[in-house]
Every structure is written in C-alpha cells, then in structure tokens.
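Everything on this sheet refers to the single structure shown next.
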Amino acid sequence: MSLKSIVRELKEMRDGIGSMSRRAGHGRAGSRHSWPGLWAEQQQPQRQGQGQEGPQQQQGRWANLPPELLLDVIQRVEDSEATWPARRQVVACAAVCRSWREVTKEVVKTLQECGRITFPISLKQPGPREHPVQCFVRRDRASSTYLLYLGLSPSLHGENDKLLLAARKVRRAARTSFVISLVPDDFSHSSSTYVGKLKPNFLGTKFTIFDSQPPPETVVLPNNRPRKRQSKQVSPRLPLGNYNVATVTYELTVLRNRGPRRMQCTMHSIPALCIQEGGKAPTPTGTIHSLDEQVFTLPTNKGNEPATEFSSTSLSADLSGLACTNEAPLILKNKAPRWHEQLQCWCLNFRGRVTVASVKNFQLVASVDPSLNIPAAEQEKVILQFGKIGKDIFTMDYRYPLSAFQAFAICLTSFDTKPACE
Amino acid sequence: MASAGESGDGADGKGVTTITIISSDNEAFEVLEAAASMSLTIRHLIEDGCADGGIPLPNVTAGILAKVLEYCSKHVAAVAASSEAGSSSNAADAAAAPEKEEDLASFDKAFIDVEQDTLYDLLMAANYLEVKGLLDLACQKVADMIKGKTPDAIRQTFKIKNDFSPEQEEKIREENQWAFE
C-alpha cells in the first residue's frame, strides 16, 4: 500500500466513512436475516458499551487500528500477563471485537509452544515436552464433583486458583459415568460447556473416554457407518457428539489385592510415533466448541469404495464414533512400583508431588514398540502422574503428548474403583 | 538543491542546524535537526535532500505534530546531556545522570497521559513518522489501559462496537465465563 493511500484511508476512518466499516456493515446485513431476534438485542441502546450511540454506529477507530499496532499492543498484554488469574486479560482482548480477536489468536501460541494455558482450547492441546503442567484436583464427596485446577497445590485462600475443568460422577441404573465440563455447575450434555465424558464397563475394569470434538488429523469411524453423505446442518445448540478417543483398562496382577493394579491407556487419537523427536501430536486450534477446522474422512473399505470426504458442516450434530489416527496408537502403561521392605509399602518416585499412599496413585509412561527407535530417556519420561497429597486433594502433572482433558479423564478412572479391581 | 544539513532557516552560532516541519494545516515548526531526525521518516527525507524549504507532513495536524516534536526535542536533549555527563570527569555530572533518567521517565509518563483521541493520534503519528521511543510509549500506554478490564469495559473505554455474530458471541461469552471463573 502506498503512503498516500494509507493516509487517505486514515483520513476516511477519522471521518467515519471508512471502507472497513462499510465492509462490516455488509456482514451485519447478512446475519440480520438469519437471527432477527438476537440481532435486535444487539441493537438495543442499553447494551453495554454503546452508551447513547445510535444503532447504525460504525466501528470506531480503535477497532480499526493498523494490524501491526494492534499486534504490538496485544503482544505486550500477552507478555506481561503470563500467569493466571492475570492471564484472563488475554482472553478478554479476544472478546472485544473481530479485529482484536484475530490479532489475539495470532499472538497466542499453543500450549506446547509457550507453556501457557490461555483459551479453553488449550485444555485439548498437548502439554510441553520439556516439563509437565502441574495441576491439582479437589474432590467434593458431597456433590460427587471433581475440580481440576492449574497450580502446584491449593493456594491459601483459594482465590487465585484457576479452575480448568470440572467433572461429576453421574449414576444411571447400575453404572456410574463421569461428565466433564468447563464449569462446575453445569454438566448437561447439551450444554455448550460440555467437554466430554467417561464411561466404565459393567465390571469397572475398562473405561472409555469420549471427547465432544474429534481431535484434528483423526479418522472418525461412525457407529452406524453411513454410506451416504449426511446433509444436516450442525446447530451450535446440539451437542457436537461423542468421540471415543481413549480406553483405560485396569487389571490385577498375580498378587491380586495385595499388589498394585496394572493400568493401560490406549490413546486412539494420538499416534505412537508422535513421541519421537520432532513428532507432533494432534493440536486443535479452533474454539472448544467448533467443528470449523476439522475435516473428517471415512476410511476406505478394503475394496472399491473411495474414502468419502465430509466437510464439518455436513455432519450430523450427534455423530458419534471412534476417533483414531491412521497410525498405531500411543499406549501408556503405569510404572510398576517397587516394594519397600522397611516401609512395608509400594513406592514410586513422585519427586515430592505425591505425599500420601493411595491405591489411586500412579505414573504413566509410554509403552513403545522397539521398532520405533525411541531413545530410552524418552521412554522413561513420566507422561502423567497422579496422587494424593491430602484429604480429597490430589496432584496431577501431565506433559506432551497428553492434553489436560485427556489427563484429567484418565485420572478420574482412578476414582471409580470397583471391588473387582481392589 | 541544498545539501543535507542545511536548511533555508540557517544555522545558529554554534553550528547546530534546524529544520522546518510543516503540519497538514500549514503551521510551520522549527526544530533542531537532531530532534527531527528521531523520526526515521523525516531523517530519510533530510538525507534525500527534501528538507529544502521545509518538510510538509500532509497527514499530521499541528496539535499532534507539536506534541511529537516536543517529545523528540526532550529526548534528544536528554541523550546529549547524558553523553556529556558520560565524557565529563565532573563527579557532580556523573551523579546527576540517574536523576536525569528519572526526570525523563516522569516526563514520558506525564507526556502520554492524554485523552484517548490524542493518544490515538499520537500512536498513528509515531507509527507513520517512525519515532520508535514514542511508538513504544504509546503502545505500552494502550496496553496499560487494557489491563484489569473486562471485554465490555475495554469496549467502553475505546468506544469499540461488538461486531461478533450472535453465534460467535455465544461461544465467546462462554470462553470468558471460563476465563473469569
């Protein structure tokens, strides 16, 4: 753009007849047809932020700051508000208007890249490789609720603890399942805060983890294997679906109840290869409720039918199924504790993060095929660690390639112990 | 064509040259070349020999230009003073250096404490004129104004209209609910 045209556009913006605001007006006209009721609500002068301005108010100049300046400003906010609760400031910037949201999303890196949890989608992104994300879980027996917080342990007054996810144990007939949500007071499947769930089998020895969104780069095998393209519109109000992303199994060893259990997690949506150096685990980057950036393919039937490509909007809202990678899935196993003769108990080195003995405590490491040539140091990395530090308080440390959601769901299985397992 | 370093308005006795800058509303400002050169844009124009007869800036009004030049003059003087203090063997001069830094910091703080419209204009002018220090100062001020505010409060402060579609609006509201939980 030449200097002259920049100057002209700046002048026009100042006079309030900028081309950008014209473009914005165009967009608004479109949406007016689809949601007339909601649009009217937006037009009300009482709406906060509008003051006495009329409904046809064009976007002010602060919304149309040159992108490089907005980037500079928001980068400063991102740099200074690194930890929670101050980090909410970054999320606030993304909620101001479209241009600010675009720039904020550009500025904020994935959890693996910057080590910081920012938007809810961070909860579905793999943690950093170098060091674990340290969290704690608080159990409320009265309401059968489990709350996951970011932080080493509960803070003195609990005010600065950042709540990440909440889960509730729900009893239906003979089975219990866990519903996982973004908020501690709404566990409805049809709510937009619904994130996933956990279902045990009858014996309580095998658990299936369901994600409300299929992770990117996965293949969805729908339960009903449709042959035809489904053409229903995805409505934002219905649940996105339930995608089987992992299975957790518990087994007793030969020691039966006198020894620790054997745990295995099959992460259908994470390829085993991703723990190789330079490997990359699926990292969603949209919003936690959208299917916008996902493209699914059905696998080819070993035969003649070609893979059917679906765009996200053509899938039925309540599609369910297995979301898996094309590669061999990552398998996690628990590190076998050692019997400590003097202490007369089973021990694992939790490096101070777990202080109370409990059958619920565990450490998970990757169990890889030797052919993948993963170095020993990598294989010994504890990917997920969970354990008790006090009455109803547990710590949970997770790292790449697991996400907070997957880690939390796996830890919840530890709570649902059954006689067959104990 | 006059060579760089000379201006129609001449040099004073010390051999320091001045430059004339003309605002969009035709007001002329005479400043030290060193001060004007804090703007990379102006510096390039001087180097290209375009300073003869004054440098016109068609998109910066007199009010804002005055402020920008005030900033530049103050900072250029501070740089000169500190380099003098650095080369001087006078202990008093050396001791005064951190104080002068503090002076400059408080000058900056007071300087950028302006009305929003002025802040916006300063930001745009600093960007166009490429005055790095002023641009950093203005961007930081905006960032500081954002801190501690909810999205609604930010919109009110900067008179920004919420232009999300109703569908986006809902997702964003939930995102915020989670963040402010």
Side-chain angles (χ1 to χ4, degrees), chain A residues 3 6-7 10-11 24 27-28 31 34-35 38-39 41-42 47-51 53 57-63 65-66 68-69 72-74 76-77 80-81 85-101 119-120 162-163 182-184 192-193 236 287-290, chain B residues 24 41 45 57-61 64 116-117 119-129 132 135-181:
Chain A
L3 251 183
I6 296 176
V7 168
L10 288 175
K11 271 202 172 144
R28 288 204 295 275
S31 52
S34 326
W35 296 281
L38 285 165
W39 180 241
E41 187 205 344
Q42 272 196 341
R47 185 187 179 80
Q48 249 190 310
Q50 292 308 297
E53 285 140 9
Q57 169 68 34
Q58 260 113 14
Q59 199 52 288
R61 44 197 206 153
W62 284 100
L65 265 182
E68 68 271 17
L69 293 186
D72 190 319
V73 171
I74 293 183
R76 285 166 192 268
V77 176
S80 68
E81 317 300 286
R87 197 133 181 87
R88 64 174 71 142
Q89 204 57 69
V90 179
V91 180
C93 285
V96 171
C97 66
R98 276 196 216 148
S99 56
W100 283 48
R101 186 172 185 79
F119 297 103
K162 174 68 198 116
L163 179 71
L182 285 178
V183 293
S192 45
T193 50
T287 60
I288 203 160
H289 305 115
S290 69
Chain B
S24 60
T41 310
L45 288 170
L57 296 177
N59 48 304
V60 189
T61 58
I64 297 299
Q116 242 188 66
D117 280 345
L119 179 60
Y120 183 89
D121 292 334
L122 275 177
L123 186 58
M124 298 298 259
N127 190 34
Y128 166 61
L129 291 172
K132 181 161 184 353
L135 187 59
D136 285 345
L137 185 61
C139 285
Q140 189 58 53
K141 176 73 180 176
V142 179
D144 291 343
M145 284 169 74
I146 289 173
K147 285 186 211 166
K149 293 196 165 77
T150 63
D152 269 340
I154 296 174
R155 276 186 228 123
Q156 271 183 344
T157 304
F158 294 103
K159 302 189 187 59
I160 294 176
K161 186 171 159 60
N162 181 337
D163 62 353
F164 292 115
S165 70
E167 187 191 32
Q168 274 179 309
E169 170 84 30
E170 187 160 330
K171 285 184 199 165
I172 289 165
R173 206 179 308 146
E174 255 130 32
E175 200 174 76
N176 268 265
Q177 187 190 1
W178 175 86
F180 283 78
E181 183 71 44

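Per chain, numbering begins at 1; letters A, B, ... match sequence-line order. The shown structure was predicted, so the numbers you read here are calculated from the model rather than taken from an experiment.
Residue contact with chain A, scored on non-hydrogen atoms closer than 4.5 Å, involves the side chain of Gln168(B) exclusively. Residue Pro85(A) does not touch chain B at all, counting heavy-atom pairs closer than 4.5 Å. Of the atoms belonging to Ile146(B), heavy atoms from both backbone and side chain fall under 4.5 Å from chain A. Gln116(B) touches chain A through backbone and side chain together, each having a heavy atom under 4.5 Å away.
Remark: the backbone N or O of Ala95(A) is paired with a side-chain donor or acceptor of Arg155(B) at under 3.5 angstrom.
Taking the six-membered ring for Trp and thresholds of 30 and 60 degrees, Trp62(A) and Tyr120(B) have ring planes more than 60 degrees apart, a perpendicular arrangement.
Rounded to the nearest 0.5 angstrom, Thr287(A) OG1 and Glu175(B) CD are separated by 7.5 Å. Distance check: Arg101(A) CZ to Ile172(B) CD1 gives 4.0 Å after rounding to the nearest 0.5 Å. Taking CH2 of Trp100(A) as the reference point, atom CD1 of Ile154(B) lies at 5.5 Å (rounded to 0.5 Å). Taking CZ from Arg76(A) and NZ from Lys147(B), the interatomic distance works out to 9.5 Å, rounded to the nearest 0.5 Å. Note: Lys171(B) NZ to Ser192(A) OG = 10.0 Å, rounded to the nearest 0.5 Å. Atom CZ in Arg98(A) sits 6.5 Å away from atom OG in Ser165(B) (nearest 0.5 Å).
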Check your understanding: Taking it one step at a time, do Leu182(A) and Glu174(B) satisfy side-chain contact (heavy atoms from CB on, under 4.5 Å)?
Key -> CA-CA 9 Å; Leu182(A) 285 178; Glu174(B) 255 130 32; 5.8 Å; no

Point to revise | side-chain contact (heavy atoms from CB on, under 4.5 Å) between Trp178(B) and Lys162(A), intermediate numbers included | key: CA-CA 9 Å; Trp178(B) 175 86; Lys162(A) 174 68 198 116; 4.2 Å; yes

Practice item. Quick one: do Val142(B) and Leu69(A) satisfy side-chain contact (heavy atoms from CB on, under 4.5 Å)? Show the steps, please. Key: CA-CA 10 Å; Val142(B) 179; Leu69(A) 293 186; over 6 Å; no

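In summary, Arg61(A) and Asp117(B) engage in a salt bridge, as defined by a charged side-chain N under 4.0 Å from a carboxylate O.
The shortest non-hydrogen separation linking Phe164(B) to Ala94(A) is CZ-O, 3.8 Å.
For the side chain to side chain contact (heavy atoms under 4.5 Å, CB included) with Val96(A), the lone residue among Thr150(B), Ile160(B), Asp163(B) that qualifies is Ile160(B).
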